Protein chains: 2
Amino acid sequence: MLELAILGFLYDAPLHGYELRKRITALTGHVKPVAESTLYPAIKRLEKAGLLGRATEPGAVAAPRHVLTLTEEGRRELRRRLAEPAQQDITDENRWFTVLAFLRHLDDAPAQAGVLRRRLAFLEEPASFFYDGERPLRAEELDDPFRRGLLTIARATSRAELAWLRETIASLDD
Amino acid sequence: MLELAILGFLYDAPLHGYELRKRITALTGHVKPVAESTLYPAIKRLEKAGLLGRATEPGAVAAPRHVLTLTEEGRRELRRRLAEPAQQDITDENRWFTVLAFLRHLDDAPAQAGVLRRRLAFLEEPASFFYDGERPLRAEELDDPFRRGLLTIARATSRAELAWLRETIASLDD
DNA sequence: CCGTAATACCTCGTAATCGATGTATTGTTC
DNA sequence: GAACAATACATCGATTACGAGGTATTACGG
């Protein structure tokens, strides 16, 4: 998720680590903050893997900046990760939102539609959080107001997203 | 999140690891699967911390089972974690849903309402995923259909949850 | 001129997680 | 009767993440 965000932001423009951190914080930080001690090692990993390069520039205000740029391999890697997301990128909302935030970079309508279809298939599977043996329990069947709320919220989310997915897939298919 | 789920399920009834795993998979597995190699060490951690005890019973079908029971300290710990969730339990949907799934165990309406109020306050903060400098961007301002969808979905979810939270807090306050 | 905040980067130890793999038993299917 | 799935638990190494702490500079208010 973090690596995807790094690649995604750098696809648009070279950035230094500190700026990258602010953008990632704006994107996902209110939900799941990213520690600096996670970001900088992640940058190093990607650099070591040849996905990005760095150039040192004098800092605008303080210490010198390490401006990060995607290599051609890095650009390919982002497109690959967007075109073939891991299953958890599809099912986990946090990760899925990160995929959505950068999916435009895929720049290939059928491939984009394919990714949306995977999410659609996932949301269309009948799934609950609570079961009576095999049978999924409906919100109305639960005494617990909190679990009932959980199902209610999940269903509302799902309905909104399904509508958007169907609409967007249709428009990509044109 | 995993530890909370373990404590939460065991609060109701003693279970062996394998059964625990099935319940956790039903609860959160379609979104974020839990590997066995994560669950068993987590059980050991909690056991070592004195939160749960184990008793070996002959297996119903195969190998002997380790039936896990919450100790009194484990029961206190669950209530404590539910009454004072970490900030990420409030903001991260996956973790928040786990809190909701077990919040009834808190068994104290004002404390439950307090937890819901924290989530309410979080959702009421104006937050976007995309910014123009300081100013949060609205869905309508984005060209990118995927980012627009992301905001649309997030807003729909948020609206549904806000309604439920306000309603439930009101009924807990009676 | 002193403290604080912001900019900008980094390391270290610890903890958590995962995938792969291993062990042993019972029940079911070909 | 030989596979195979399901039950039931466990370890190990590699990866990832986090909190705490560190370094250095500029800008600003008191």
Side-chain angles (χ1 to χ4, degrees), chain A residues 1-7 14-26 28-29 31-49 51-52 54-68 81 86-89 91-92 94-95 98 133-134, chain B residues 1-7 14-26 28-29 31-49 51-52 54-68 81 86-89 91-92 94-95 98 133-134:
Chain A
M1 208 186 92
L2 177 59
E3 294 186 0
L4 190 66
I6 295 172
L7 297 174
L15 296 171
H16 56 277
Y18 197 76
E19 176 62 26
L20 199 47
R21 183 172 191 238
K22 284 199 289 186
R23 303 226 181 167
I24 292 173
T25 298
T28 58
V31 166
K32 199 178 160 69
V34 176
E36 277 185 66
S37 52
T38 308
L39 177 62
Y40 286 110
I43 289 172
K44 284 211 171 154
R45 274 204 303 280
L46 296 176
E47 197 187 356
K48 205 174 156 192
L51 305 182
L52 46 87
R54 79 170 65 198
T56 304
E57 276 186 19
V61 181
R65 294 164 165 181
H66 293 183
V67 177
L68 307 164
R81 290 193 195 202
Q87 190 54 22
Q88 275 212 59
D89 291 332
T91 64
D92 187 327
N94 292 334
R95 296 173 61 159
T98 307
E134 288 290 286
Chain B
M1 206 187 93
L2 177 58
E3 294 186 359
L4 190 66
I6 295 172
L7 297 174
L15 296 171
H16 56 277
Y18 197 75
E19 176 61 27
L20 200 48
R21 181 170 193 240
K22 285 198 290 186
R23 303 226 181 165
I24 292 172
T25 298
T28 58
V31 166
K32 198 178 161 69
V34 176
E36 278 185 85
S37 52
T38 308
L39 177 62
Y40 286 111
I43 290 171
K44 283 209 172 157
R45 274 204 305 279
L46 296 175
E47 198 187 355
K48 205 174 155 192
L51 305 183
L52 46 87
R54 78 170 66 198
T56 305
E57 276 186 20
V61 182
R65 294 164 164 180
H66 293 182
V67 177
L68 307 164
R81 291 193 194 201
Q87 191 54 21
Q88 275 211 59
D89 291 331
T91 63
D92 186 328
N94 292 334
R95 295 174 61 160
T98 308
E134 287 291 286

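What you see is a predicted model, and the numbers here were worked out from it, not measured in a lab. These numbers come from the heavy atoms of this one structure, side chains and all, not from hydrogens, waters or symmetry mates. Throughout, protein chains are lettered first and strands after them, A, B, ... in sequence-line order, and every chain is numbered starting at 1.
Residue A/Leu4 contributes atom CG, which lies 14 Å from atom P of D/dT16 at whole-angstrom precision. Here the P atom of nucleotide D/dA17 and the CG atom of A/Asn94 are 13 Å apart, to the nearest Å. Note: CD (B/Glu57) to P (D/dA8) measures 11 Å, nearest angstrom. C/dC10 atom P lies 13 Å from atom CZ of A/Arg21, rounded to whole Å. As a whole-Å value, the separation of B/Gln88 CD from D/dA17 P is 12 Å. Across the protein-nucleic acid pair, A/Arg95 atom CZ and C/dT17 atom C1' stand 12 Å apart, rounded to whole Å. Between B/Glu19 atom CD and D/dA6 atom P the separation is 16 Å, expressed in whole Å. Straight-line distance from the CG atom of B/Leu39 to the C1' atom of C/dT17: 12 Å, rounded to whole Å.
Residue contacts for B/Lys32: at a heavy-atom cut-off of 4.0 Å it reaches no nucleic acid atom on any strand shown.
Relative to the side chain of B/Glu3, the nucleotides C/dT11, C/dA20, C/dA16 differ in distance, and C/dA16 lies closest. Closest to the B/Leu2 side chain, of the nucleotides C/dT17, C/dA16, D/dC12, is C/dT17. Listed candidates were D/dC12, C/dC9, D/dC9. Nearest to the side chain of A/Tyr18 is C/dC9.
Ranked by how close their nearest DNA chain C nucleotide is to the 5' end, B/Arg45 and A/His66 are led by A/His66. Nearest-nucleotide assignment on DNA chain D puts the 5′-proximal partner with B/Lys22, out of B/Pro41 and B/Lys22. Of the two residues near DNA chain D, A/Glu36 and A/Pro33, the one whose nearest nucleotide lies more 5' is A/Pro33.
At C/dC10, none of the side-chain N or O atoms of A/Tyr40 fall inside 4.0 Å of OP1 or OP2 (strictly under the cut-off). Taking side-chain N and O atoms only, B/Arg54 has a distance below 4.0 Å to OP1 or OP2 of D/dA10. Contact check, B/Arg65 against C/dT25: no side-chain N or O comes under 4.0 Å of OP1 or OP2. Contact annotation: B/Thr38 side-chain N/O to C/dC18 OP1/OP2 distance is under 4.0 Å. B/Lys44 has no side-chain polar atom (N or O) that falls below the 4.0 Å cut-off from OP1 or OP2 of D/dA10.
A 4.5 Å side-chain heavy-atom check between A/Arg81 and A/Glu3 finds at least one atom pair inside the cut-off. Taking 4.5 Å as the limit, every side-chain heavy atom of A/Leu51 sits out of range of all side-chain heavy atoms of A/Ile6. With a 4.5 Å cut-off on side-chain heavy atoms, A/Lys44 and A/Arg54 count as touching.
Nearest heavy-atom pair across B/Arg23 and B/Leu15 is NH2-CD2, 3.7 Å.
Just one residue in the list A/Thr98, A/Leu46, A/Val34, A/Ile43 forms a side-chain contact (heavy atoms from CB on, under 4.5 Å) with A/Leu2, and that residue is A/Val34.
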